[in-house]
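These notes concern the structure reproduced below.
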Amino acid sequence: MLRDLKGEERAAYFRGIQPIWGGGLSEDRFQMFQRRLADAPEARERYRLLGWFVNGTLTAAMKAYDLRATCAARPLRVLGVGAVFTPPELRRRGHAAAMLRAVMEDCASRGGQAAVLFSDIGFRYYERLGFRVLESRECTVAASDLPRLPGSTRPALAGDEPLMTDLFAASRGDRTFALARDGWTLRFQLRRLRELARARGVGEPEWGLVAEARSGEGAAMLRLGRDSVDVLDAAWTTDAARDCVFSGLRECLERAGRIHLRLWPAGQMRDLFEAEDRTTAVAMIAPLDGNAALPERGGATELTLLDHI
């Protein structure tokens with residue numbers, strides 16, 4: 001049986017995934033982070049914790065996201081699949097596969113047209129469930145490869161979200177597959193960054209930058225990785241604004257003591273830097289509606305790190 005997790009079931013799921021996706025947090029702090037994220041206003045109706053129960057026992061669990069997308073200029077409703085987990089003692093019995101089939105069937109019955117995930121375990125397992133691999137590339141950029149234009153940006157502040165959402169949305173083509181920039185994705189990921197910073201005892205995180213000048217507008221949403229500044233998404237209205245954005249990212253690298261920028265090349269970030277195929281977080285898609293236009297195996301996408309679920 002498939003249903004939402006509650007109480008101790010959620011805690012058990014968080015304990016299970018902490019060694020895999022804990023990001024260096026202790027179990028207690030990881031529990032706090034995940035619990036607060038799941039209970040946040042931004043999560044309501046778009047983010048669920050689901051479990052697969054056999055004879056009352058939790059045998060597998062996952063995160064489910066209600067996403068919007070476009071492909072070939074047509075809107076899509078998409079199921080996002082994240083953090084699929086089966087307790088070690090219950091693995092290789094088909095529990096996770098049964099859960100995923102049930103979730104996908106339920107989503108299809110509600111008008112969902114595709115399911116998306118980012119696999120860290122290779123792709124063969126998910127191919128057997130109807131998923132196919134999409135373009136999955138990544139860039140790393142040294143500070144020395146970025147322009148230096150001091151004072152060209154300012155930190156992103158509360159209230160900048162609409163501007164950033166509009167810039168990100170305008171930068172994306174509608175011919176290839178892209179998750180929508182309707183504002184929710186940015187707000188939810190910002191909540192994730194804030195709750196993660198809170199769990200780490202950091203306070204308000206540095207999460208973005210904005211360029212506003214007569215030469216154009218630009219913005220980037222970012223997070224601080226262990227040795228990188230991760231560009232979750234970025235966009236601009238002119239080439240001059242682009243240079244300001246990347247100069248601001250260079251300043252962020254130097255200020256934070258990180259080695260390089262990391263980004264997924266999509267939208268206006270495509271073809272700016274040399275990219276390599278990813279071996280983790282491989283993007284995959286499964287059709288839930290045979291009439292929906294979706295990319296074929298290896299097809300191009302407009303997925304950025306902001307979409308990583």
Side-chain angles (χ1 to χ4, degrees), residues 21 23 37 40 42-43 46-47 63 65-71 76 78-83 114 116-120 134-141 153 155-158 160-174 176-197 205-211 217-225 228-236 242 245-246 248-249 252 261-270 272-273 275 278 280-285 300-309:
W21 294 295
L37 180 62
E42 293 83 356
R46 302 285 298 268
Y47 173 64
K63 300 177 179 181
Y65 303 78
D66 181 12
L67 305 175
R68 307 294 181 267
T70 58
C71 189
L76 298 168
V78 175
L79 164 69
V81 175
V116 171
L117 58 80
F118 298 91
S119 174
D120 291 323
L134 299 177
E135 173 191 61
S136 299
R137 297 176 69 75
E138 182 170 301
C139 298
T140 56
V141 186
T153 61
L157 304 171
D160 284 325
E161 296 91 340
L163 167 66
M164 297 172 75
T165 293
D166 290 345
L167 284 168
F168 296 164
S171 74
R172 303 164 77 77
D174 60 5
T176 56
F177 179 78
L179 295 182
R181 291 289 181 260
D182 57 3
W184 179 82
T185 302
L186 188 150
R187 291 194 304 273
F188 181 78
Q189 292 285 24
L190 180 52
R191 171 61 67 179
R192 187 197 299 267
L193 292 174
R194 285 175 168 153
E195 294 300 344
L196 181 59
E206 183 171 3
W207 61 271
L209 55 86
V210 174
E217 294 180 320
M221 188 173 185
L222 57 89
R223 69 182 175 209
L224 299 184
S228 66
V229 171
D230 297 342
V231 182
L232 302 186
D233 207 346
W236 44 84
R242 174 201 62 206
V245 167
F246 279 101
L249 289 167
C252 182
L261 287 182
R262 172 176 173 256
L263 60 89
W264 291 0
Q268 290 175 299
M269 294 187 289
R270 185 181 294 276
L272 292 181
F273 308 104
R278 295 198 305 274
T280 60
V282 175
M284 303 189 74
I285 194 167
T301 73
E302 292 297 316
L303 299 172
T304 71
L305 274 165
L306 187 58
D307 302 308
H308 188 205
I309 53 179

(request) Look up atom CG in L303 and atom OG in S136, then write down how far apart they are to the nearest 0.5 Å. (result)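 The distance works out to 7.5 Å.
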(request) Give, for atom CG of L37 and atom CZ of R194, the distance between the pair rounded to the nearest 0.5 Å. (result)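 So the gap between those two atoms works out to 13.0 Å.
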Nearest non-hydrogen partners of [X] and [Y], listed with the distance:
X    : Y    : value
A69  : V78  : CB-CG2, 3.7 Å
T153 : G248 : OG1-CA, 3.5 Å
D233 : F168 : O-CZ, 3.7 Å
G80  : I309 : CA-CD1, 3.5 Å
R278 : A281 : NH2-O, 2.7 Å
L305 : Q189 : O-NE2, 4.4 Å

(message) Please identify which of these residues, L306, D166, L186, meets the side chain to side chain contact (heavy atoms under 4.5 Å, CB included) condition with R181.
(response)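 Of the listed residues L306, D166, L186, the side chain to side chain contact (heavy atoms under 4.5 Å, CB included) partner of R181 is L306.
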(request) Determine, stepwise, if the pair C252 / L224 fulfils side chain to side chain contact (heavy atoms under 4.5 Å, CB included). (result) CA-CA 9 Å; C252 182; L224 299 184; 4.2 Å; yes
(request) Determine whether C71 and L76 make a side-chain contact, defined as any pair of heavy atoms from C-beta on separated by less than 4.5 Å. (result)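 Yes, their side chains come closer than 4.5 Å.
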Side-chain donor or acceptor of [X] paired with backbone N/O of [Y] under 3.5 Å:
X    : Y    : value
W184 : E42  : yes
D230 : L222 : no
T304 : L232 : yes
R68  : D182 : no
R137 : A275 : yes
R172 : L179 : yes
Q268 : W236 : yes
E302 : G267 : yes

(request) Please work out whether the ring planes of W264 and H308 are parallel, tilted or perpendicular, with thresholds of 30° and 60°. (result)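 If you compare the ring of W264 with that of H308, the planes turn out tilted.
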(message) Once you measure the plane-to-plane angle for F246 and F273, does it fall in the parallel (<30°), tilted (30-60°) or perpendicular (>60°) bin?
(response)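 Taking F273 first and then F246, their aromatic rings stand perpendicular (interplane angle over 60°).
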(request) Could I get the full list of side-chain contact (heavy atoms from CB on, under 4.5 Å) partners for L134, not counting sequence neighbours? (result)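 Partners of L134 under the side-chain contact (heavy atoms from CB on, under 4.5 Å) test: A283, I285, P295, T301.
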(message) Going by side-chain contact (heavy atoms from CB on, under 4.5 Å), name the residues that satisfy it together with A156, two or more places apart in sequence or in a different chain.
(response)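 Checked A156 against side-chain contact (heavy atoms from CB on, under 4.5 Å); matches are D160, M164, W207, V210.
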(request) Take V81 and V116 through the test side chain to side chain contact (heavy atoms under 4.5 Å, CB included) and record every step on the way to the result. (result) CA-CA 6 Å; V81 175; V116 171; over 6 Å; no
(message) I'd like to know whether L193 forms a side chain to side chain contact (heavy atoms under 4.5 Å, CB included) with M221, so could you lay out the CA-CA distance, the side-chain angles of the two residues, the decisive distance to 0.1 Å, and finally the verdict.
(response) CA-CA 11 Å; L193 292 174; M221 188 173 185; 4.0 Å; yes
